[in-house]
K.L.:
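Sharing a structure here in structure tokens format.
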4 protein chains.
Amino acid sequence: MILSINVHLQYRLSRPTDLLLQIEAADLSDQNVRQTRTRFSEVANVSRIAADDGLGERIWLRADGLFQFDYSAEIEIDRPKRDLSTLPATPPHQLPGEAVRYLMPSRYCPSDEFQTFVAAEFGNLSGGAQIAAMRDWIERSFQYVPGASNAQTTALDSFVQRQGICRDYAHVLVTLARAATIPARFASVYAPGVTPPDFHAVAEVYLDGAWHLVDPTGMATSQNIAIIGVGADAANVAFLNIFGQAEFVAQSVSVSPV
Amino acid sequence: MILSINVHLQYRLSRPTDLLLQIEAADLSDQNVRQTRTRFSEVANVSRIAADDGLGERIWLRADGLFQFDYSAEIEIDRPKRDLSTLPATPPHQLPGEAVRYLMPSRYCPSDEFQTFVAAEFGNLSGGAQIAAMRDWIERSFQYVPGASNAQTTALDSFVQRQGICRDYAHVLVTLARAATIPARFASVYAPGVTPPDFHAVAEVYLDGAWHLVDPTGMATSQNIAIIGVGADAANVAFLNIFGQAEFVAQSVSVSPV
Amino acid sequence: MILSINVHLQYRLSRPTDLLLQIEAADLSDQNVRQTRTRFSEVANVSRIAADDGLGERIWLRADGLFQFDYSAEIEIDRPKRDLSTLPATPPHQLPGEAVRYLMPSRYCPSDEFQTFVAAEFGNLSGGAQIAAMRDWIERSFQYVPGASNAQTTALDSFVQRQGICRDYAHVLVTLARAATIPARFASVYAPGVTPPDFHAVAEVYLDGAWHLVDPTGMATSQNIAIIGVGADAANVAFLNIFGQAEFVAQSVSVSPV
Amino acid sequence: MILSINVHLQYRLSRPTDLLLQIEAADLSDQNVRQTRTRFSEVANVSRIAADDGLGERIWLRADGLFQFDYSAEIEIDRPKRDLSTLPATPPHQLPGEAVRYLMPSRYCPSDEFQTFVAAEFGNLSGGAQIAAMRDWIERSFQYVPGASNAQTTALDSFVQRQGICRDYAHVLVTLARAATIPARFASVYAPGVTPPDFHAVAEVYLDGAWHLVDPTGMATSQNIAIIGVGADAANVAFLNIFGQAEFVAQSVSVSPV
């Protein structure tokens, strides 16, 4: 599948302010960047740095006044379809260093609190079958309620409140997976058909020696997701971090199949 | 300074269990491993993996029955003494990718909650002078109370309760530093004179283009600290993760200048 | 001082729904209800019940469709002016049963977490002088930021974030007072000059054998406050509890000296 | 049933300290105090005050040095056996003032967070049948693990961790009941057969116009429970509050049928 992506951001800054953006889809073996164009207002400083796990890039900018950022791209996704439920778990002692850090709890994913629940509810399964059961349980038990969560909401809050948005769904799945000793990370992505159109977020789990995308909201599939970046949770892959004050002016995100 | 380190761990396992150990002091440009010996009970599987930020190693083991682990080493520390308060901050837009992830909140360091406090209390300072003021404020405001905290205690809890142990002191400093847009990470270390003798924990802050050790408990200095590993917070550098059940039998840690 | 109070509420209900309202100023020895009028849409059931501590009343209603509630009153406040800082503490063992429950932590006031902070920061004072120091510290350290808090925000959150609205200021003072073994409760009140015009909230502390109003926002004084009701914290004196779904239509509150 | 109760407490105080004790079984229409004896070390001050809801008493003491407290009693329990699952809910708008405060969230029972879960899981039931389903769900889903919780543990923590002791079981049931608009309070009680012998805690729910005991641990029944006191949660009915420092020396609790 080929996705056409267009993003427009506009903020007003009242003094020189550092901005960290993570918006461009990554160039990966299973997602090919066919066209890409990134433009933004004139700024004092720009530098590109590798994002977490070397997957994709972030842009540091030092801007002032009215700041505009435009990104458009065509991404060809050619991700093999795998039946999640048949993927075997990688035994913990065979996990590589880069996967091990995703066994650990993080800001929004306090997986250390969920071991008893996970053992009782999903302990009779393992590997991909266990992840599929967790995904189905979340989809069945949670209500998608825009506005129900905020920047402080953790997977623990969402688990109790049984509601949230894509970010929260992904946090809960990441948390349950880690509590079952399956490495899991948070992926900031583009996908068509997200309502309302916006950045999307899903989980990635490490099974059978590789990372696999899972969307507990059921909105997207691994065949139509373009990954921007990954990290321990939403704290690590915000599309925009502002180190100071900024006034929101406008934002639009559109993602459609070509 | 040369430190002689001896660690002995003993656990009883009732079935084959995966263990992840991070106990050996790292070999670094400013800490030289002169001698080292790691021995442990016969196990089914062993693999060494790189630890976070490629600093030090972890050992995966799959063990059963009575498990013993012994580590002894001599580490020569030759770390230049820097006056923390004179170190300039690195402007955010010049931070490299590997430092950026340490600006973000983590499991035990919800730095996103502390921006108003940090601006009000330490906003008139910057860089190393700001970190020194935070360190002094913590040392002045907190009581070192073994048993006051547990595995769930975050920097937010410690900030309110004004007490804790080295882990909690380090978490609070890491949290305040990040809230001031200074990258900060948690370091698991050995240091002499820690009472009672045990693993120790301190903070590392990124200033003037490099990482600098800071011990908000005042127990250790950068000249007598041997680093085991680093990570976002204590969740990422436990000396031992047990993926299953284990019965504690014995543990001893001794660290002394040669 | 005589206050003229006018409140208008309007909600739309899609099915018969139980509502609990606590809106009328209480009739007390130091606040005299000169005129009062409460009108509301026709409802299936109405009952008046005593509110917490027998101070004021609540109204149970079972309503449906468009629900309107109007309250207007004139309240004469004749509360002796006391210099807070001279009031002695009542020794704990002399506290009556009705004050004792206000020593204990509650939903939004986890005072059990603040004992070390309170002892360190305010431990050299006692009684009214201690409360005055807490009030001044809050007023100095906190920023009044509408929208910074929500229905889940506790005094612990506010203490860390150093911002909030009247509800949060009152919660923090109540929490600190209890941590110093001074009974403290939350009061839902009317006061002129609150910006924007709305219900207001303050703390009450038990000193010298009686309850005394304290407003840590500095917006109101005990001479121009009309109390609606009191309770352990905001959870216990909401102006409206809806046991079901309701759509907000309109709300206005005006309070002015006659 | 007649219960014989013996309690012995011993603490060492290093200075005059206020103590608040709530240890004596209450004298109620359905539990008759046949014999009772309370003795304690000589103290500077003593006063008895009514406990929450006027149910039982608390004792204020100001003590110093070695403090001993002994309580022995025979309590005859004559509580009609009711089939919980047949009790109808009292409609909210018919709830009396003294029950209304037990609809609200409290320190350890943040029932405001659980409405979606309760509606989804138990929304097809009401009244006593709903409470019975909640009790059975807790008994089925939770593990009784002494040491798993501490003085900060809330029902939200326990709900996530799926483990705790009697206090935590009671908090979870109280929380779920309130989230279903059924008043619920926490009862500190004596019951035979509690392992290890100790104070016990259960929930009370308001159904069909009266309070009914429910023990989600399954250890006790309403026929063999002697109530000490009630309150919003464990914060309000501690058997001992110490307003200062004390060193624990000894404690024993024995409860047996006569």
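Each chain gets a letter, A, B and so on, in the order its sequence line appears, and its residues count up from 1. Any value given below was found using the heavy atoms of this structure, including those in side chains, with hydrogens, waters and symmetry copies removed.
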K.L.:
Which of residues 121-144 of chain C have a heavy atom under 4.5 Å from any heavy atom of chain B?
P.N.:
Q143(C)

K.L.:
Mark yes when over 12 heavy atoms from residues, nucleotides or ligands other than Q223(C) sit less than 6.0 Å from its CD; otherwise mark no.
P.N.:
yes

K.L.:
In Å, rounded to the nearest 0.5 Å, how long is the span from CZ of F117(C) to CD of Q161(B)?
P.N.:
13.5 Å

K.L.:
Could you look at Q163(C) and say if it's the side chain, the backbone, both or neither that has a heavy atom under 4.5 Å from chain B?
P.N.:
side chain

K.L.:
Any non-hydrogen side-chain atom of L156(B) less than 4.5 Å from a side-chain atom of L156(C)?
P.N.:
yes

